[in-house]
Amino acid sequence: MSVFELSDQEVQRRESLHKLREMGIDPYPAALYPVTDYATGIKENFEEGKQVVLAGRLMSQRVMGKASFAEILDSTGRIQVYINRDEICPGEEKSLYNEVFKKLLDLGDFIGVKGTVFKTQVGEISVHVKEFTLLSKSLKPLPLPKTDADGKVHDAFTDPELRYRQRYVDLVVNAHVKETFIKRSKAMNSMRQFFNEKGYLEVETPILQPIPGGATARPFMTHHNALDIPLYLRVANELYLKRLIVGGFEGVYEFAKDFRNEGMDRTHNPEFTVMEIYVAYKDYNWMMDFTEKMIERVAMEVCGTTEITVGDTTISLKAPFARVTMREAILHFTGFDIHGKSEDALHAACKSLGIETDPTMGKGKLIDELFGEKCEGNYIQPTFITDYPIEMSPLCKRHRQDPELTERFELMINGKEIANAYSELNDPIDQRERFEEQMRLSEKGDDEAMFIDQDFLRSLEYGMPPTSGMGIGIDRLVMLLTNNSSIQEVLFFPQMRPEVKGHKLELSDNEKMILEMVEKDAPIELSTLKVRAGLSGKQWDISIKVLTKQGLVKVTKEGESVSVSIAD
RNA sequence: GAUUCCGUAGCUCAGCUGGUAGAGCAAUACACUUUUAAUGUAUGGGCCCUGGGUUCGAAUCCCAGCGGGAUCACCA
């Protein structure tokens with residue numbers, strides 16, 4: 001479909017629009033509409049005869065001569081309305097019903113309705129309309145899924161491409177999609193409340209950063225014209241939140257959009273949402289308690305239960321969660337004990353377990369591979385994996401009992417990482433050394449190692465209290481809570497390849513050539529023209545179709561002879 | 001990036017071993033004053049994703065491309 005061409009139904013809707021204007025009805029009125037009630041509210045608190053005013057989209061129309069039923073969809077759901085011709089049009093003039101309601105309104109139009117609540121003979125709560133107003137005309141037909149008596153949905157709007165590209169349509173037509181996003185908002189509000197009750201402060205930190213720190217990922221790069229410097233979209237906000245702890249806040253959190261210039265799939269979108277929280281004078285043990293309580297509460301408030309269903313499995317989000325050290329986890333699933341092992345020994349272990357390695361991998365990366373390949377997917381029920389090797393955690397405090405390890409945990413649910421937390425490294429000298437170690441790794445070829453943020457180090461030198469920080473992937477948490485297996489389903493507007501624009505309207509060379517021949521010798525025998533054009537069957541076919549379609553030439557048949565002429 | 005499936009009416013989908021496209025819903029017209037996947041009758045609506053090839057003839061077969069899904073790989 002070209003952008004320039006309108007479908008049959010679109011043309012008809014535009015004609016209806018004109019007719020409405022001719023009748024003196026403004027299809028896009030400016031005045032507010034005094035809504036008093038909503039579909040769901042009316043149905044939940046049925047009151048026979050109650051006066052109501054509501055507004056929404058017209059989603060179905062069942063016209064039965066002088067009376068009609070229709071359905072209106074508002075932000076809360078659908079409700080049926082009943083319209084009677086002689087009540088809408090008490091006098092001789094019946095055009096408001098016969099013309100406007102029956103013909104000029106289309107499915108998808110916004111209308112407002114005043115009337116009284118009643119129950120039909122079949123017992124459906126409906127609104128008996130005394131007055132209706134067109135609030136906004138819809139010029140494109142919506143897809144119209146229907147649900148039958150058995151609750152089966154027909155003609156569902158399911159094509160993922162269309163659903164993601166035109167989310168507005170998806171939301172109108174698929175009630176469960178709306179539900180997912182309401183849950184998403186509830187989950188974030190629930191967390192916000194949990195933090196605010198404890199006196200922590202919601203903050204905002206820069207998205208445009210001169211040094212993309214706090215995580216190792218490829219950043220999106222941009223440029224600031226006035227300063228003439230490169231800037232990066234943040235890959236994390238960790239280093240800024242810690243600066244705020246240095247500044248004296250005791251607890252800060254941010255719901256942050258982060259950006260990573262990497263692949264896209266069902267669990268990765270280039271922009272995604274992370275909640276990070278930092279609390280002074282706490283450690284990672286405290287943070288585990290805090291995290292499990294938070295998750296339990298969010299589940300209760302969003303789903304009304306801590307037993308959630310993900311695919312075929314049931315997951316219990318009731319605190320407390322299991323706690324397993326990384327060493328135990330790897331030992332359990334591979335029989336290999338990483339404790340005190342050299343880099344060579346780890347390489348050998350990976351190899352014997354069928355994990356590919358390369359020489360740029362240090363100890364941290366190798367252990368990460370072992371865990372990622374052999375363990376991670378097994379933790380379906382929520383489990384804190386603790387005590388990560390120091391090489392893979394450059395911002396995390398050294399473990400109080402083992403200098404090879406860090407005080408870090410990741411929360412695994414359904415085999416995937418949901419949250420990540422540390423006792424934050426606040427020793428500025430140690431931190432500098434860790435950054436330098438990262439630089440060495442990066443020189444070795446690991447292009448994900450971090451830049452050194454000198455200003456962050458300076459802030460630590462002023463002194464940061466012992467602090468624990470935690471980050472949680474909001475998109476993935478919402479996927480869990482709403483039983484969705486792809487991130488696109490929990491983002492309103494997931495990243496998509498740009499849509500290709502409509503077909504060109506200019507004629508091709510072949511079409512121009514044929515047109516010239518017709519202009520010269522019209523009317524001309526079709527078979528003669530075909531031979532003269534000298535095109536392959538397919539090219540001929542396409543060209544003549546385009547020409548007739550665009551109304552440039554006309555094919556007329558008289559008995560046996562078919563001739564082509566210029567259309568008038 | 002690899003493998004694989006898909007792209008046909010506004011929507012959901014048929015279309016066989018090649019012979020100028022079908023259904024339901026939606027639309028248009030008429031009938032119908034409590035229906036609910038309303039109903040009945042009639043009608044209109046298609047660059048069959050794009051480009052090339054094979055063929056007398058391609059929605060159908062072949063090649064290339066574009067877009068999307070799924071699985072895998074990559075990605076803290």
Side-chain angles (χ1 to χ4, degrees), chain A residues 1-2 5-13 15-16 60-71 78 80 82-87 97 103 106-108 118-124 126 128 140-165 169 173 214-218 235-236 260-268 270 356 364-365 368-369 371-372 376 388 392-394 408 410 417 420 448 471 473 485-486 488 496-500 502-505 508 511 536-550:
Chain A
M1 245 316 273
S2 138
E5 259 177 90
L6 294 176
S7 72
D8 210 26
Q9 297 194 38
E10 287 172 297
V11 171
Q12 278 159 6
R13 284 178 181 229
E15 280 166 8
S16 300
S60 74
Q61 244 181 328
R62 291 183 287 279
V63 178
M64 281 157 299
K66 299 177 186 65
S68 298
F69 286 93
E71 270 181 305
R78 288 184 186 220
Q80 179 173 267
Y82 173 75
I83 295 187
N84 186 303
R85 185 192 73 183
D86 296 327
E87 294 177 59
Y97 180 78
K103 293 186 181 168
D106 291 296
L107 300 187
F118 78 111
K119 248 183 209 171
T120 62
Q121 287 181 354
V122 210
E124 176 153 351
S126 310
H128 195 132
K140 267 182 164 327
L142 286 167
L144 287 170
K146 291 204 169 186
T147 311
D148 66 17
D150 307 324
K152 226 174 100 185
V153 179
H154 299 259
D155 303 330
F157 182 59
T158 52
D159 181 343
E161 178 171 6
L162 286 174
R163 286 183 47 232
Y164 301 154
R165 287 198 196 279
V169 173
V173 145
T216 46
R218 209 172 319 145
V235 295
R260 297 188 182 177
N261 204 343
E262 285 161 0
M264 297 159 55
D265 59 29
R266 69 188 188 292
T267 53
H268 297 84
E356 278 184 42
K365 195 97 180 164
D368 191 33
E369 286 292 315
F371 181 77
E376 187 171 297
Y388 283 59
M392 52 197 288
S393 314
R408 172 180 182 180
E410 284 192 359
E417 177 202 338
N420 181 21
E448 284 175 358
S485 57
S486 76
Q488 286 89 345
M496 301 282 279
R497 213 177 282 272
E499 233 175 320
V500 284
H503 305 286
K504 57 183 187 298
L505 276 187
S508 72
E511 287 148 17
S536 76
K538 187 176 222 169
Q539 285 175 333
W540 160 259
D541 197 48
I542 288 173
S543 304
I544 197 73
K545 266 185 192 166
V546 168
L547 288 171
T548 47
K549 178 89 192 171
Q550 295 197 11

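Per chain, numbering begins at 1; letters A, B, ... match sequence-line order.
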Is there a donor on the side chain of E417(A) or the base of A76(B) sitting less than 3.5 Å from an acceptor on the other?
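In this structure, the two groups form no donor-acceptor pair.
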
Assess whether one donor atom and one acceptor atom, taken from the side chain of D265(A) and the base of C74(B), lie less than 3.5 Å apart.
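Pair found.
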
Counterpart residues, ring pair (Phe, Tyr, Trp, His ring centres under 6.0 Å), relative to Y97(A) (two or more places apart)
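Ring pair (Phe, Tyr, Trp, His ring centres under 6.0 Å) list for Y97(A), sorted by chain: F101(A).
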
Quick one: ring pair (Phe, Tyr, Trp, His ring centres under 6.0 Å) partners of F69(A), sequence neighbours excluded?
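Partners of F69(A) by the ring pair (Phe, Tyr, Trp, His ring centres under 6.0 Å) criterion, ordered by chain and then number, come out as Y82(A).
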
Please write out the pairs of protein N or O atoms and N or O atoms of nucleotides 37-43 of chain B separated by less than 3.5 Å, giving the distance to one decimal.
| residue | atom | partner | partner atom | Å |
| --- | --- | --- | --- | --- |
| A37(B) | O4' | T147(A) | O | 3.2 |
| A37(B) | N1 | H154(A) | ND1 | 3.2 |
| A38(B) | OP1 | K146(A) | NZ | 2.7 |
| A38(B) | OP2 | R62(A) | NH1 | 3.1 |
| A38(B) | N6 | V63(A) | O | 2.8 |

Partners meeting salt bridge (Lys or Arg N to Asp or Glu O under 4.0 Å) with [X] (sequence neighbours left out):
X	answer
R163(A)	D170(A), E489(A)
K103(A)	E99(A)
E161(A)	R165(A)

Could you tell me which nucleotide pairs with [N] by Watson-Crick or G-U wobble geometry, both distances under 3.5 Å, or answer none if nothing does?
N	answer
A37(B)	none
U20(B)	none
U28(B)	A42(B)
A58(B)	none
C75(B)	none

Would the distance check show the side chain of R218(A) and the main-chain N or O of E262(A) forming a donor-acceptor pair, the cut-off being under 3.5 Å?
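Such a contact is absent between R218(A) side chain and E262(A) backbone.
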
Check the phosphate of [N] against [X], side-chain N and O only, distance under 4.0 Å to OP1 or OP2. Yes or no?
X	N	value
R266(A)	C72(B)	yes
R497(A)	G67(B)	yes
K66(A)	U35(B)	no

Could you check whether K103(A) gets within reach of a base, just the sugar-phosphate, or nothing at all, counting any heavy atom under 4.0 Å?
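Counting heavy atoms under 4.0 Å across all strands, the contact made by K103(A) is with sugar-phosphate only.
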
Using a cut-off of 4.0 Å on non-hydrogen atoms, how would the nucleic acid contact of Q80(A) be classed: base, sugar-phosphate, or nothing?
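If one applies the 4.0 Å heavy-atom cut-off, Q80(A) turns out to touch a base.
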
If you look at every heavy atom in R408(A) and N420(A), which pair is closest and at what distance?
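Nearest heavy atoms, R408(A) then N420(A): NE-OD1, 3.1 Å.
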
5' priority, RNA chain B, between D159(A) and Q9(A) [closest heavy atom]
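Looking at RNA chain B, the more 5' nearest nucleotide goes with D159(A).
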
Hey, which of these two, R260(A) or F157(A), hits RNA chain B nearer its 5' end, going by closest nucleotide?
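Checking each residue's closest nucleotide, the 5'-ward one belongs to F157(A).
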
